There are 2 protein chains.
Amino acid sequence: MINIAILGFGVVGSGTAEVLTENKKIIEERLGCEYKIKYILDLRDFPQSPFASLITHDFNDILNDPEVSVVAEMMGGSHPAYDFTKACLEAGKNVVTSNKEVVSTFGVELCSIAKAHGVRYLFEASVGGGIPVIRPMINDLSSNKINNINGILNGTTNYILTSMRKDGASFEDALKEAQRLGYAEANPSADVDGIDAARKIVILTALASGKLADPKTIPTFGITSITLDDTKIAELFGCSIKLIGHSTVSDGKITAFVSPRMVLSSNPLSTIDDVFNGILVSANMVGDVMFYGPGAGKLPTASAVVADIIDIIANRNTDVKPIVWKEAEAGDINDFGEYSCRRVFITKSATDLVCGVTKEADGIFGLLTDEELTEIVANDIAEKLGDDLISVYRVL
Amino acid sequence: MINIAILGFGVVGSGTAEVLTENKKIIEERLGCEYKIKYILDLRDFPQSPFASLITHDFNDILNDPEVSVVAEMMGGSHPAYDFTKACLEAGKNVVTSNKEVVSTFGVELCSIAKAHGVRYLFEASVGGGIPVIRPMINDLSSNKINNINGILNGTTNYILTSMRKDGASFEDALKEAQRLGYAEANPSADVDGIDAARKIVILTALASGKLADPKTIPTFGITSITLDDTKIAELFGCSIKLIGHSTVSDGKITAFVSPRMVLSSNPLSTIDDVFNGILVSANMVGDVMFYGPGAGKLPTASAVVADIIDIIANRNTDVKPIVWKEAEAGDINDFGEYSCRRVFITKSATDLVCGVTKEADGIFGLLTDEELTEIVANDIAEKLGDDLISVYRVL
């Protein structure tokens with residue numbers, strides 16, 4: 001009998017209890033062993049919940065119970081989630097989590113502690129919600145060198161951008177609707193300012209490079225300044241505007257950033273709408289593969305948490321190769337300004353040819369060709385356009 | 001030192017040698033151990049190849065060499081691929097393969113032999129080429145009950161259908177172009193008649209249900225009778241015609257078939273074009289997830305073969321839970337005629353309302369709504385339309 005403890009009985013925590021209970025029979029058949037949830041840690045009581053009797057308010061009940069070998073941390077935020085995770089790993093307990101803030105900030109240390117104590121720290125649910133992406137990147141792209149990653153990593157912003165494009169809603173109205181539907185928090189900053197996506201792209205980049213960058217240092221642009229006009233101009237180019245977490249890994253150096261981009265219709269990310277996420281991984285042998293699915297939500301995210309729990313139980317008697325990351329240092333990270341790609345410039349007024357960029361309609365310039373790109377630097381154009389320039393979008 | 005043998009030095013076999021060589025350094029770093037290719041079995045010699053010295057024409061060189069612990073079978077066809085695989089497994093060698101014909105026909109027996117001899121039989125490359133789908137279905141959707149699968153599983157037919165839709169090419173011309181580009185064989189039957197897709201859908205269905213159906217018994221419709229008019233009518237409905245491998249697993253019973261379908265633009269499979277494949281899996285906790293990427297090709301497919309080799313080497317000292325399948329019996333398989341879904345009927349001449357199906361334009365009927373579907377049986381409509389009926393498409 002494997003004893004599991006859940007830290008945090010919010011959306012994902014209660015979903016995890018539900019998946020473990022609802023699919024108990026088939027999971028135990030697959031595992032060939034039994035499990036039970038022994039504790040659920042939360043500050044609140046849940047007298048109406050079928051799991052009410054498992055609630056504890058004291059973390060030490062879990063930490064000091066030698067029967068608990070798997071702990072699922074779904075508290076959110078850095079503290080005390082990080083502190084509890086560290087304590088559990090040091091006590092020889094395996095930990096799984098959906099907490100991207102903790103993984104992206106403390107991942108190097110926590111993976112190292114797990115390794116030192118012969119236990120595992122798994123976080124499939126921290127990126128892409130229910131989408132299998134972290135384990136496939138480790139196990140299935142193992143024969144490849146990963147060159148770059150482009151992901152729609154945040155369901156809330158994708159919902160808002162889809163609503164602007166399809167329904168013609170303003171950013172403000174789309175945000176309000178997202179809040180009403182429970183997709184966005186009362187304070188939506190972590191989503192709309194790209195902070196959540198930045199955490200996720202540094203985690204994926206660490207899987208590709210072995211180096212975890214501080215998400216606060218990644219150039220991060222949100223979606224708050226995107227206008228309806230921008231989405232219409234994107235459509236003229238056959239593009240959708242998407243908030244993209246990007247990273248390139250080359251010769252051990254990383255380029256990583258989060259920004260809204262005009263995604264060409266030929267790119268499979270362009271059709272991923274609403275709260276769905278998609279992660280497009282380009283690797284040196286397989287080429288482009290994409291993982292698509294629900295990027296958030298109670299049961300989808302819990303599905304990934306429980307997949308990690310199953311992985312731990314299934315491999316409890318084997319030595320699985322631990323994840324080893326280093327902190328990315330300044331020298332590991334390329335200057336964002338040197339990242340080159342095609343761009344769309346949106347200006348106030350009509351202008352003739354500027355640096356080889358053809359004006360196609362009032363305020364709209366054509367896409368730069370690859371040849372043009374090699375001849376010009378975007379900032380030069382921006383300077384020449386001066387006050388006329390409203391915004392610049394990188395093209396994907 | 002792990003010694004690997006390759007059976008068959010065709011497209012995928014030579015790609016596997018290339019991936020193992022090109023990425024040797026990073027793969028050995030990940031594994032923490034060294035490997036080498038010791039033999040390549042082929043009837044031909046390859047004097048110009050850098051691997052020429054490894055070629056053998058005698059399978060017994062491999063079978064009787066106790067140093068060879070991993071064999072990659074990429075011969076294609078049932079015989080002698082099946083016989084060599086069986087002999088290797090019985091000799092205590094692990095086998096990986098891209099051979100869907102062997103897996104779909106002999107998978108039950110070969111998995112059972114592997115289990116009995118404490119070795120592994122892996123076949124990630126047999127479905128979806130380079131796309132990680134088999135291991136993710138086993139390991140990452142492990143917390144779920146898989147309800148249904150819809151896949152674009154054949155790159156050749158998807159190339160032809162894309163060419164018809166985008167370029168207005170006839171089926172015959174698109175097929176010729178596919179043959180010219182090396183996407184289709186001189187005898188294209190296995191692709192265009194849906195046989196290849198049928199093999200793949202039974203493999204995926206076995207992962208979901210534990211039961212392997214005989215691919216020859218799965219209702220299989222190819223794309224040879226699809227006309228340019230059909231693709232234009234599909235566009236009127238906002239659909240793309242795709243060759244879909246479908247299966248539903250419910251209460252242990254399987255419904256599986258391959259047929260061209262009108263795929264609504266809201267379905268992520270609708271935008272998968274050219275030789276790419278996509279597998280959309282619907283599971284009871286996570287909902288819909290999709291795996292997308294190159295469904296064929298030398299290096300992509302080899303990438304998946306080598307991922308299996310890495311899996312075997314990485315876990316060589318551990319007891320990995322073996323795959324156990326049963327042969328699907330007649331009682332395990334639902335009658336195809338009972339499969340219900342929305343349909344599009346294409347007729348020769350104008351007709352008024354037929355069984356609640358609204359005529360929208362000459363020869364084109366509207367999509368059936370879910371309500372209409374419950375009231376009518378498709379065959380009734382077909383009977384009433386009689387000679388006017390040209391074709392029926394299931395909608396996805």
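Since we're looking at a predicted model, the values are computed, not measured. All chains are named by letter (A, B, ...) in the order of the sequence lines, taking the proteins before the strands, and each is independently numbered beginning at 1.
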Which residues share a salt bridge (Lys or Arg N to Asp or Glu O under 4.0 Å) with A/D288, sequence neighbours left out: none
Gap separating the CD1 atom of B/I138 from the CD1 atom of A/I310, nearest 0.5 angstrom: 13.0 Å
Chain B contacts, top residue of A/V19, A/I27, A/T318, A/N144 (heavy-atom pairs, under 4.5 Å): A/N144
Chi angles and distances behind the side chain to side chain contact (heavy atoms under 4.5 Å, CB included) call for B/E18, A/M285: CA-CA 9 Å; B/E18 191 174 330; A/M285 292 296 155; 5.6 Å; no
Chain A contact via B/L141 - which portion, at a heavy-atom distance below 4.5 Å: both
A/S143 side chain reached by B/N23 side chain, heavy atoms, under 4.5 Å: no
Toward chain A: residues of residues 293-307 of chain B with heavy atoms under 4.5 Å: B/G293, B/P294, B/L299, B/P300, B/S303, B/V306, B/A307
A/I134, part contacting chain B, at a heavy-atom distance under 4.5 Å: neither
Side-chain heavy-atom pair B/P268, A/T271 within 4.5 angstrom cut-off: no
B/D167 CG: over 12 foreign heavy atoms closer than 6.0 Å: yes
B/R135 side chain near A/R135 side chain, heavy-atom distance below 4.5 Å: no
B/N284, part contacting chain A, at a heavy-atom distance under 4.5 Å: side chain
Within 6.0 Å of CD in A/E34, more than 12 heavy atoms from elsewhere: no
Residue of the set A/D140, A/I131, A/V133 for which side-chain contact (heavy atoms from CB on, under 4.5 Å) holds with B/P136: A/D140
Within 6.0 Å of NZ in B/K326, more than 12 heavy atoms from elsewhere: no
Which atoms of A/K321 approach chain B - backbone, side chain, both or neither, heavy atom under 4.5 Å: side chain
Region of A/D311 that comes under 4.5 Å of a non-hydrogen atom in chain B: neither
B/S142 versus chain A, the contacting section by heavy-atom distance below 4.5 Å: both
Largest heavy-atom contact set with chain A, pairs under 4.5 Å, which of B/A283, B/G287, B/P132: B/P132
Inter-residue atom distance A/I279.CD1 - B/Y292.OH, 0.5 Å rounding: 14.5 Å
Check: B/F291 and A/F291 side chains under 4.5 Å, non-hydrogen atoms: yes
Contact origin within B/E29 toward chain A - heavy atom pairs under 4.5 Å: backbone
NZ/A/K36: more than 12 non-hydrogen atoms of other groups inside 6.0 Å: yes
Nearest-0.5 Å distance that lies between atom CZ in B/R30 and atom CG in A/N139: 11.0 Å
